[in-house]
Structures are given as structure tokens and as C-alpha cells.
Protein chains: 2
Amino acid sequence: MVRFVHPARQDITLAGILAALADPARLMIVKSLIRQNECMNCTEAGPCNMAKSTLSNHFRVLREAGLIHTTKQGVEHRNAVREADINARFPGLLKSILKHADE
Amino acid sequence: MVRFVHPARQDITLAGILAALADPARLMIVKSLIRQNECMNCTEAGPCNMAKSTLSNHFRVLREAGLIHTTKQGVEHRNAVREADINARFPGLLKSILKHADE
DNA sequence: TCAATAGTTCAATATTTCCGAACTACTGAA
DNA sequence: TTCAGTAGTTCGGAAATATTGAACTATTGA
């Protein structure tokens, strides 16, 4: 069974995106998700040396900023970046930020 | 007499820029400085309903992130966005973020 | 039913941010 | 020179936020 963990967020804001990506751990998570180009569960997408409650909180922030959406498949959560939605709202922004995220 | 308040920051990082611009007050300051296309002192560039110690702190963060540079002219500080330096380090980033900052 | 896995929630602690008060630095006027 | 006014910084405590371990829920497979 696949279902959404949270309803899709209505408004994606610039401040929300910047605040979400300003944290190195969250930027790393989004980078991982984009690079893999597919869904990943929370543990494999996030930094390993971090309490799982902290990791869970970072994913919540990313969800609430509208950057990712999460579906629950069995025991794990599958996360994916909402690239289409973000690009529709802020054309070029995500690409422009992530372009520099590996240096 | 004109002199630099702080030495130019060596490294401008993506995380630093995002963290600096993630704060609405600081984003607003950078927006003002870019729009005016000239130097402004701290009071006129920042939000008015804010303690001056808080405002001073925001300018410090912007300086330390390498986003602005500050010169002291007489009794006031003149601030300007380091557009050339930022564009050299992260081409297109600043423009891409500020493009969406007025919506 | 039970153990294992993935993630959330909660309460305590650690860290960061905000603000008022006191301070420094500069200017222009008396 | 003194003195008042302006612009900004620094500092200490209060308010807000982030991090964590422990306890919890939900799902799966044995």
C-alpha cells in the first residue's frame, strides 16, 4: 500500500526554500535525492552521524518547505524532490543553487 | 577619510550565502542595496522596526558571508553588495535568488 | 505473536537569536 | 577644546530554535 505521509504543501516560498537549504544537512539530503534521481528512504538520504530524531526533523522541514514529498511504502518512507513544482514556482532557482552545491 | 571596516572575507561559501539570505530581514537588506545600486548606510537599508543591535548583527552576518562590504565614511557605514565577487564565485546564483525575491 | 526495522513524538538540554543598555567613534557647533 | 548628536558595536540576559535519547507507532517477516 502506498499513501502520502502528509498532504502536499500549498505554498512554496522563497524564504522557505532558502531556509531549508541553508542547513548543510538538508542541502546534502536534497543533493542526494536529486543525484540518485529516484526515491530514497530517510536513513540512506541523510548524513549517517546524526540522531534519527534530528534526521526526522530535517525531513519534516524539507516537507513543510515544499521541497520534497514523502510516501510510505511498507516500513520505510520514500522521499523525492518536488522538482516540477519548484521549477514551476521559481524557474531556474533549484538548478542554480544545486549547480554550486558540490564544490 | 574612507577605510574598510573589516578585511574582505577570503572564502564565500554556498552555505554561507544561503544561510545569510534565508533570513527575511537580510534578504530585504540585500534587495534594497541591489535596487538602489549604490551604497547605503545600515539604518536606511534595513527594516525600520528592529533594534539597532539586531540590525548591526544582521550586517555582520552579511559581511561574514561575503555578501556585502562596508566602508566607514565619517559617522556612518556605507554598505554595498559584492556582486562581482559573488558572481565570480557562483555565476548566476545571486541573480537567480533575487529574481524571485519580490513576489 | 514476536522481534526487527523505519520513522515520529516528547521533554530536556544545548545552541542561536534578539533586544536594551552601555560603549566607541566621528562630526559639527559653541 | 568641550559638548551634544548620530551611527554603529559589544555585552549579558531573555526568548526562540535545534539537537538528542528515550519512548512510542506502524509495518513486515519469521
Side-chain angles (χ1 to χ4, degrees), chain A residues 1-7 9 13 15-30 32-33 36 38-65 67-80, chain B residues 1-7 9 13 15-30 32-33 36 38-65 67-80:
Chain A
M1 200 245 292
V2 176
R3 60 187 171 75
F4 282 95
V5 174
H6 296 279
R9 194 171 178 279
T13 68
I17 289 181
L18 293 180
L21 295 182
D23 185 285
R26 291 192 292 261
L27 183 61
M28 181 272 196
I29 290 170
V30 170
S32 295
L33 291 173
Q36 292 290 115
E38 59 179 45
C39 293
M40 296 173 80
N41 68 30
C42 297
T43 305
E44 68 189 3
C48 47
N49 54 347
M50 173 173 282
K52 63 178 181 171
S53 53
T54 306
L55 196 57
S56 176
N57 183 61
H58 283 314
F59 275 93
R60 184 182 56 74
V61 171
L62 289 171
R63 275 194 296 269
E64 290 180 359
L67 272 164
I68 65 173
H69 74 109
T70 303
T71 56
K72 189 162 185 179
Q73 277 185 302
V75 75
E76 70 184 11
H77 287 188
R78 306 297 292 174
N79 301 284
Chain B
M1 199 246 292
V2 176
R3 61 186 169 78
F4 283 94
V5 174
H6 297 279
R9 194 170 180 279
T13 67
I17 289 181
L18 293 180
L21 295 182
D23 184 284
R26 291 193 291 261
L27 182 60
M28 180 271 196
I29 290 169
V30 170
S32 296
L33 291 174
Q36 292 291 115
E38 61 180 42
C39 292
M40 297 173 81
N41 68 29
C42 296
T43 303
E44 68 191 0
C48 47
N49 54 346
M50 174 174 282
K52 64 178 179 169
S53 54
T54 305
L55 196 58
S56 176
N57 184 59
H58 283 314
F59 276 94
R60 185 181 55 75
V61 172
L62 288 171
R63 275 194 298 269
E64 291 182 357
L67 272 164
I68 65 173
H69 73 109
T70 304
T71 56
K72 189 162 185 178
Q73 277 184 304
V75 76
E76 71 185 9
H77 287 187
R78 307 297 292 175
N79 301 284

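In what follows, chains carry the letters A, B, and so on, assigned in the order in which the sequence lines appear, proteins first and then strands, with residues in each chain numbered from 1.
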K.L.:
Of the options D:dA23, C:dG20, D:dT9, whose atoms approach the side-chain atoms of B:Lys52 most closely?
P.N.:
D:dT9

K.L.:
What is the distance, to the nearest angstrom, from the CD1 atom on A:Ile68 to the C1' atom on C:dG7?
P.N.:
13 Å

K.L.:
From A:Arg26 CZ over to A:Ile68 CD1, what is the distance, rounded to the nearest 0.5 angstrom?
P.N.:
10.5 Å

K.L.:
What pairs with B:Thr54 under side chain to side chain contact (heavy atoms under 4.5 Å, CB included), at least two apart in sequence or on another chain?
P.N.:
B:Met50, B:Ala51, B:His58

K.L.:
May I have the distance from B:Lys72 (atom NZ) to C:dA25 (atom P), rounded to whole angstrom?
P.N.:
8 Å

K.L.:
Between A:Thr70 and A:Leu62, is the side chain to side chain contact (heavy atoms under 4.5 Å, CB included) condition met? List the steps.
P.N.:
CA-CA 10 Å; A:Thr70 303; A:Leu62 289 171; over 6 Å; no

K.L.:
D:dA18 P sits how many Å from A:Arg26 CZ, rounded?
P.N.:
7 Å

K.L.:
Under 4.0 Å: is that the gap between some side-chain N or O of B:Arg60 and OP1 or OP2 of C:dT17?
P.N.:
no

K.L.:
Whole angstrom is fine here: how far is it from CG in A:Leu55 over to P in D:dA18?
P.N.:
15 Å

K.L.:
Could you tell me how far apart B:Asn49 (CG) and C:dG20 (P) are, to the nearest whole angstrom?
P.N.:
12 Å

K.L.:
Just to confirm, is there a sub-4.0 Å distance from OP1 or OP2 of C:dC18 to any side-chain nitrogen or oxygen of B:Ser53?
P.N.:
no

K.L.:
Ignoring backbone atoms, test whether B:Ser56 places a side-chain nitrogen or oxygen under 4.0 Å from the OP1 or OP2 oxygen of D:dT9.
P.N.:
yes

K.L.:
Residues two or more places apart in sequence or in another chain: which of them pass side-chain hydrogen bond (donor to acceptor under 3.5 Å, both in side chains) with B:Asn57?
P.N.:
B:Arg60

K.L.:
Nearest to the B:Asp23 side chain among D:dG8, C:dT8, C:dC18, which nucleotide is it?
P.N.:
C:dC18

K.L.:
CZ of A:Phe59 versus P of C:dT9: gap in Å, rounded?
P.N.:
15 Å

K.L.:
Supply the atom-to-atom distance B:Lys72 NZ to B:Asn79 CG, rounded to the nearest 0.5 angstrom.
P.N.:
12.5 Å

K.L.:
From CG of A:Asn57 over to C1' of C:dA6, roughly how many Å is that when rounded to an integer?
P.N.:
16 Å

K.L.:
Ignoring the backbone of B:Val75, work out which of D:dG5, D:dT27, C:dC19 is nearest its side chain.
P.N.:
D:dG5

K.L.:
Rounding to a whole Å, what distance do you find between B:His77:NE2 and D:dT6:P?
P.N.:
17 Å

